[in-house]
Amino acid sequence: MRAEDDDAGGGEFVGARLDAGLRAARFASPPSADEFAAAVEPRNAPAVFRGVVKDWTASSRWDPRRGGLDYLREKVGPDVDVEAMMSSTGHVLVPFSKFMNSCKSYLRCPNASSDSPKAQEILKEPASSEEGCSSSLESCDQVYLAQVSILNTENKERCSLEVLKEDIQEPTFLRGKPFSSINIWMNRAHLRSSTHYDPHHNLLCVVAGCKKVTLWPPSSSPYLYPMPVYGEASNHSSVSIEEPDYSRYTRARYMKEYSERVILNCGDALFIPEGWYHQVDSDDLTIAINFWWKSRIMNEILVDKEMNKMVQENSVSCSKGTTVCQPTDEESGGPEQLKQKQVNSDSSDKKDSPLQTLEPSTLQALYELISLVHNSAEMVSQNEITEPTSQDAYCKQSNGSKKIAADDSSLLEKDPIAKIILPLKPLELQSMLLAMARTFPRTLEALVLNMLGPIGAEILTRKFDEMDQQATKEQQSEFYKTFYSVFDDQYAAMDALLNGKEMFSFQVFQSVLRQYIGVTLAGLVVLTKGQ
């Protein structure tokens with residue numbers, strides 16, 4: 001396996017502030033499956049593979065300029081409908097054959113706009129004995145296929161173009177990967193995508209035309225202004241690539257400096273790691289196939305049950321008098337195996353990813369926190385945390401550090417974040433939070449601003465105090481600088497922590513009043529007013 005030197009020519013570029021360890025590797029020949037698993041995927045950075053799919057039938061038979069449109073129309077047949085995207089109306093269900101006819105019409109008159117009489121006349125002409133394009137296709141130049149499934153493990157009924165799987169092959173270096181889906185992407189006219197990230201690893205393969213892909217690492221999130229965490233487009237940037245509003249998005253003026261652009265021609269493929277932002281420009285009549293699969297950190301943790309025992313044996317147990325947090329069967333496995341594979345990786349790779357330094361139990365805790373944020377069904381809001389039933393449920397002084405008592409484990413069950421972070425030693429938690437800030441900044445932001453309850457805020461800030469006692473002033477400064485850098489408004493993060501601590505103190509005070517005086521705080525206020 002040989003990596004090519006970085007090529008900044010031909011429209012490709014690398015931003016001046018993009019860390020060298022995050023720049024896309026380039027391969028003139030494909031790696032083996034073992035090499036990809038050991039040295040490429042764990043690096044968590046993009047990689048370009050030149051000519052890796054040039055031998056596919058798709059690369060030779062689908063080219064629109066060489067009869068590919070007729071080939072595809074005949075192979076799929078006249079009775080298959082696909083979901084197309086249109087600039088004017090969004091999603092629309094159209095016959096695949098009519099979309100091919102529309103592309104043929106565009107091929108004959110690529111320079112005409114959709115609003116011109118000449119373009120309208122051409123688009124209405126039947127490209128074969130079939131009827132011409134549907135009226136919706138006739139009226140919109142920006143019509144394209146996006147994420148139309150060839151394979152979909154979660155919903156096989158959505159595989160409307162499964163017949164095309166015969167013309168593509170699984171890349172050798174992806175053998176054994178549990179693909180969640182394989183999709184086709186095809187545009188008629190030049191197309192520019194929004195800036196977004198995907199929740200899975202992605203291999204983008206160009207079989208016709210050309211794509212220019214601009215990439216940003218997850219740590220560049222503050223410069224891209226992601227949309228609200230719980231919105232429908234939370235994985236998209238708010239900043240317009242064509243006309244960025246720097247007065248509103250002031251940090252966006254630096255986003256190019258943290259980016260890299262690569263160019264993919266027919267036969268090339270690009271590995272885009274989970275969480276990496278990307279924006280794609282596609283030339284006229286470009287066709288691509290992409291493979292999505294779960295990253296190792298997610299997949300192995302979820303499905304490798306055989307590692308359960310190893311994880312539990314290596315997990316950090318809470319000290320006596322605290323709740324011991326062990327992973328469930330569904331959540332266990334994987335971190336220890338992942339760690340072992342990371343240890344076997346080349347030492348240069350380990351420096352590139354903060355995940356490489358995490359202990360198995362810390363990696364497990366990281367996965368559990370990520371799962372909480374990305375699974376809304378398991379979210380626990382502050383209002384769902386019940387009040388304590390005894391003063392002992394909260395605080396005990398031990399070795400200079402207050403701990404949550406084991407006789408009220410239900411409190412931790414109702415605050416899963418507190419349950420996860422309590423067993424971690426201060427510096428282990430610090431390493432995990434730094435890894436989140438650098439690798440999953442959006443997750444960390446959502447965790448603190450939207451999900452942190454009173455107990456979690458109290459435990460987290462106590463851990464911060466313990467970190468400070470074990471770190472130098474320089475280490476403290478570097479940690480808090482990195483931690484708070486992921487928030488658009490650092491003061492909002494501080495307020496979330498402080499408000500949580502205040503709520504925790506309020507709950508403790510209310511518990512004391514109820515237990516030893518027999519009244520609630522509201523009742524005490526009434527009594528005071530009556531005097």
Side-chain angles (χ1 to χ4, degrees), residues 44 218 274-275 295-305 307-319 322-342 353-375 378-380 401 403-404 406 409 411-448 450-453 455-464 466-467 470 479 482-483 486 497:
N44 200 44
E274 172 189 62
S295 64
R296 286 171 55 185
I297 187 172
M298 292 299 178
N299 184 63
E300 293 185 1
I301 288 173
L302 284 170
V303 305
D304 194 356
K305 302 296 192 298
M307 299 310 299
N308 180 36
K309 183 177 180 181
M310 297 178 68
V311 173
Q312 293 184 350
E313 290 174 350
N314 287 279
S315 294
V316 178
S317 298
C318 301
S319 57
T322 66
T323 301
V324 177
C325 308
Q326 295 288 359
T328 64
D329 290 341
E330 291 77 19
E331 296 167 340
S332 297
E336 179 64 24
Q337 184 181 32
L338 176 59
K339 176 67 176 179
Q340 186 61 44
K341 292 183 179 179
Q342 290 168 335
S353 173
L355 300 178
Q356 302 284 354
T357 62
L358 298 183
E359 293 296 326
S361 55
T362 310
L363 191 60
Q364 174 71 23
L366 173 60
Y367 162 69
E368 292 174 350
L369 288 176
I370 292 172
S371 296
L372 283 176
V373 175
H374 291 281
N375 187 352
E378 295 180 2
M379 289 181 181
V380 180
S401 176
K403 299 182 182 293
I404 304 298
S409 60
L411 291 174
L412 291 176
E413 294 294 339
K414 292 181 178 295
D415 191 337
I417 295 175
K419 179 181 177 182
I420 292 169
I421 65 177
L422 178 62
L424 297 175
K425 294 178 181 178
L427 295 184
E428 290 175 342
L429 178 60
Q430 184 183 73
S431 297
M432 186 189 72
L433 293 174
L434 287 174
M436 291 187 74
R438 292 166 179 162
T439 312
F440 305 104
R442 298 293 316 289
T443 301
L444 179 58
E445 183 183 35
L447 187 72
V448 173
N450 302 89
M451 298 182 61
L452 195 65
I455 301 174
E458 179 67 16
I459 293 176
L460 183 59
T461 51
R462 289 180 186 177
K463 295 282 188 181
F464 282 175
E466 294 173 9
M467 291 177 196
Q470 300 178 34
F479 167 74
T482 302
F483 177 81
V486 306
L497 293 172

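- The distance from atom CD of E274 to atom CG of N44, rounded to the nearest 0.5 Å, is 8.0 Å.
- Heavy atoms only, all atoms of each residue included: P218 and G275 are closest at CG-O, 3.5 Å.
- What you find for T482 and R438 is that their closest heavy atoms are CG2-NE, 4.0 Å.
- Rounding to the nearest 0.5 Å places CE of M432 at 15.5 Å from NZ of K425.
- S431 pairs by the side chain to side chain donor-acceptor pair (under 3.5 Å) definition with nothing, not counting sequence neighbours.
- Side-chain contact check for L429 versus L460: some heavy-atom pair is nearer than 4.5 Å.
- Here the straight-line distance linking atom CD of Q430 with atom CD of Q470 works out to 9.0 Å at 0.5 Å rounding.
- Within the 4.5 Å cutoff, the side chain of V448 has heavy atoms near those of the F483 side chain.
- Partners of A457 according to the side-chain contact (heavy atoms from CB on, under 4.5 Å) rule, which considers only residues two or more places apart in sequence or in another chain, are L452.
- Between I421 and G456, the closest heavy-atom pair is CD1-O, 4.0 Å.
- We find the CZ-CG distance between F464 and L433 to be 5.5 Å, quoted to the nearest 0.5 Å.
- Under a 3.5 Å cut-off, the side chain of K463 and the backbone N or O of L422 do form a donor-acceptor pair.
- Ion pair E466/R462 not flagged as a salt bridge, since none of the NZ, NE, NH1 or NH2 atoms sits closer than 4.0 Å to an Asp/Glu carboxylate oxygen.
- T439 contributes no side-chain N or O that, together with a main-chain N or O of M436, makes up a donor-acceptor pair within less than 3.5 Å.
- Interatomic distance, CD of E445 versus CG of L447, reported as 11.0 Å (0.5 Å rounding).
- Between T443 and L369, the closest side-chain pair of non-hydrogen atoms is not below 4.5 Å.
- Of all non-hydrogen atoms in A437 and V486, the two that sit nearest each other are O-CG1, 3.6 Å.
- Remark: T461 OG1 to M467 CE distance equals 10.5 Å, nearest 0.5 Å.
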